[in-house]
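We use all heavy atoms of the structure for the numbers below, so side chains are in, but hydrogens, waters and symmetry mates are not.
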Amino acid sequence: AFAFDLEENGKGKAINSPLNYFMGVLNKGVYAPPENYESPKDRANRRYNEWKKRESEKNAILEKENMEFAFADWVKELTQEAREQVVPESQFAKQGSAPYRLMLRQYFCDTVWPSIKEKIARGEI
């Protein structure tokens with residue numbers, strides 16, 4: 001805790017001889033760690049956690065972008081007949097409407113995207 005205080009809180013600049021200061025503190029009792037004290041284990045856990053969060057967020061963004069590109073390519077390649085087979089037109093969802101496009105996207109996410117995602121992971125795409 002004292003080393004942390006010296007390094008992180010700049011206490012070493014305010015003290016002429018850190019060793020003499022520390023010995024004086026120990027003569028009086030126990031050194032009370034500063035409020036912002038973080039043990040090396042806690043610091044390592046926090047840094048690892050922050051790194052994993054950044055990686056997870058980065059991967060989620062990449063996967064979402066990959067899915068958007070794959071969906072756009074897939075929709076371009078669909079013929080009119082294939083669209084009707086995949087998502088039949090209904091009173092609620094006419095071709096070209098937002099609900100119809102959402103239904104196409106849902107179909108893509110549920111059935112097509114998993115295989116494309118696997119190909120990307122294997123490096124085939």
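Put simply, the side chain of Val86 reaches to within 4.5 Å of the side chain of Trp74, judged on heavy atoms. Taking the side chain as every heavy atom from C-beta outward, Glu57 and Lys52 never approach each other to under 4.5 Å. Counting only heavy atoms from C-beta outward, the side chains of Gln95 and Glu84 approach each other to under 4.5 Å. With a 4.5 Å cut-off on side-chain heavy atoms, Asn45 and Lys41 count as touching. For the pair Glu124 and Glu118, the minimum side-chain heavy-atom distance is 4.5 Å or more. Between Phe4 and Pro33, every side-chain heavy-atom pair lies at or beyond the 4.5 Å cut-off. Inter-residue side-chain proximity for Gln85 and Glu81 is flagged as unmet; no heavy-atom pair is nearer than 4.5 Å.
No single ILVMFWY cluster, assembled from side-chain heavy atoms under 4.5 Å apart, contains both Leu102 and Val87. Note: the hydrophobic cluster containing Val25 does not contain Tyr37 (ILVMFWY, side chain heavy atoms under 4.5 Å, direct or indirect links). Under the 4.5 Å side-chain contact rule for hydrophobic residues, Ile15 and Tyr31 share a cluster. Residues Phe71 and Leu62 do not share a hydrophobic cluster, clusters being chains of Ile/Leu/Val/Met/Phe/Trp/Tyr side chains in contact below 4.5 Å. Taking hydrophobic clusters as Ile, Leu, Val, Met, Phe, Trp and Tyr residues chained together by side-chain heavy-atom distances below 4.5 Å, Trp113 shares a cluster with Val75.
Side-chain atoms of Thr111 come within 3.5 Å of backbone N or O of Tyr107 as a donor-acceptor pair.
At a cut-off of 3.5 Å, with distance as the only test, no side-chain donor of Glu63 or Asn59 sits close to an acceptor on the other residue.
Shown here for Lys94 and Tyr100, the closest heavy-atom pair between the two residues is O-CB, 3.1 Å.
Ring geometry, Phe2 versus Tyr21: the interplanar angle falls under 30°, so the pair is classed parallel (tilted spans 30 to 60°).
In this structure, Glu55 pairs ionically with Lys58, as a charged nitrogen and a carboxylate oxygen lie closer than 4.0 Å.
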